[in-house]
*Asks:* 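Before I ask anything, here is the structure I am working with.
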Protein chains: 2
Amino acid sequence: MANSDPVYLRVVEDLRRQIVDGTLPPGAPIPSRHQITRKYSVGETAARHALRVLAQEGLIVGRVGSGHRVREKPILTPSYRSRVPEPHNPFAMDMQASGRQPTWSWRSELAEAPPEIAQRLQLSQWSPVIRVRFVCRGDGRPMQLATSYELVEFGQSQAPEEGTGERRSTVARMAANGTAITEISESVHIRVPQPSESDTLELPTGVQVLHVERTYWAGERPVETSDIVFPGDRFRLVYGIPVHP
Amino acid sequence: MANSDPVYLRVVEDLRRQIVDGTLPPGAPIPSRHQITRKYSVGETAARHALRVLAQEGLIVGRVGSGHRVREKPILTPSYRSRVPEPHNPFAMDMQASGRQPTWSWRSELAEAPPEIAQRLQLSQWSPVIRVRFVCRGDGRPMQLATSYELVEFGQSQAPEEGTGERRSTVARMAANGTAITEISESVHIRVPQPSESDTLELPTGVQVLHVERTYWAGERPVETSDIVFPGDRFRLVYGIPVHP
DNA sequence: CAGGCAAAGTTGGAGCCACAGGCGATGGTC
DNA sequence: GACCATCGCCTGTGGCTCCAACTTTGCCTG
């Protein structure tokens, strides 16, 4: 049956089987192109294509000069929670749960809301907003990117700032302002990362990202919206939704 | 600046720009490999690689014999809602909202819970459960796949059944049984589709899927769990989460 | 003995060519 | 005018080769 199939698929299927059943454990080296051509009696094109497919599936990672290896920790899954006891930070909880040191760096500045963001915040285009860009790291490696836009009236400071370390959660900051967040809505989808994103997240080519658009509501009014981007094969989003409470 | 960049990226970026800004509208033909080699003065390998990248991003689709075209409806995004007024079916709502005719086909049978499912239902391995497999279609094209596992005690029928058409929601069915669903929990992540999945969902190679693991709880007890798989670039998951109600 | 350097191996990019098989348009035949 | 066969174009697969950039290893020199 695997007779008229493309040759490279034979290689892909064999290596994939070895990876998923543990014959090739995380970190194990994958045969090089030359070794594959000999072992499977295929040409170099097929060998290269097979490696590309596996890399694209996120099962292996290739580094120039040092070969391909089975991806480390093929998905330890810290979870990303939307419902989390405030004022705890879900990212910090996930990192600590998986034994990693969470760090943050961020930069806030006054900006003009691009059309899509203005729509999400029910503002007119190019209204002033406070934009904060985050990079969340675990053991120093970037794991999540976030850009958040906040109504200026609630912003403590309109001057550019930057820093490292945890930032108080939106709910807590708003509460300190006398504004109660009543609902958080999120929209989740898959997309291809921008080159800059796959760069900073150190994603192998072909791995797509989860993009979460989150909006914080105070009654009928959206007061902050953020875009959160992270590799969705390493993370899980976890939701718990009560049924008619 | 785009000087030391790989040649194929020049082609990718130019074509991508033309697609996103509408110069190449949905359905428009993409230059063939030979045309690309001439137009951009690149080799055939680069042209092929560029087309592969764009196909992998889901922007174009290639068919043997007839060339590449800009993907139709570059993603109208019906949304997938977790919180939905019962007894409405979120899939039906999405399809009707986007002017498509929703249809279903399903098949239920008695099965033994594989380890992971048993764990999710807090059963011992290979306990009997009722497994239902769904294919949800819009205008006849498969758009979502789901497999659900239900405790036998709540199953109306243990004999294999199959049918087409809508099925009552879990919450409604359980309510009819005298069991109130109190919470739905979901875990969401990205993964590479199984060959069978990308086949039935008609996904271009390289497009990954959203995998939702959903569990229905009656108090402390899980009573049903399902795996829902769908292309996360065409669909969105939408959540609305009240903050300390 | 240590440090540095060179060689070997590896990936990723790129070019060229060939062939099988699907698709479509063109032209010729009935 | 309708229908069909043929031919050319296009993709997907696959083979071979070369090169630049990078890593690792181990040897050699100081």
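A quick note: this is a predicted structure, and the numbers were derived from the prediction, not measured. Residue numbering restarts at 1 for every chain, and letters A, B, ... go by the order of the sequence lines.
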*Asks:* Of all residues at least two apart in sequence or in a different chain, which pass the salt bridge (Lys or Arg N to Asp or Glu O under 4.0 Å) check with A/R133?
*Replies:* none

*Asks:* Would you sort out whether B/T147 and B/R131 count as a side chain to side chain contact (heavy atoms under 4.5 Å, CB included), showing the intermediate values?
*Replies:* CA-CA 7 Å; B/T147 307; B/R131 181 179 59 209; 3.8 Å; yes

*Asks:* List the atom of A/E197, the atom of A/V229, and the distance in Å for their closest heavy-atom pair.
*Replies:* OE2-CG2, 3.9 Å

*Asks:* If you round to the nearest 0.5 Å, how far is CG of B/D14 from CD1 of B/I19?
*Replies:* 10.0 Å

*Asks:* List the protein contact pattern of nucleotides 10-17 of chain D with one symbol per nucleotide (5' to 3'): B for base contact, S for sugar-phosphate-only contact, - for none; contact means a heavy-atom distance under 4.0 Å.
*Replies:* BBBBBBBB

*Asks:* Taking it one step at a time, do A/C136 and A/M143 satisfy side chain to side chain contact (heavy atoms under 4.5 Å, CB included)?
*Replies:* CA-CA 6 Å; A/C136 307; A/M143 316 218 88; 5.7 Å; no

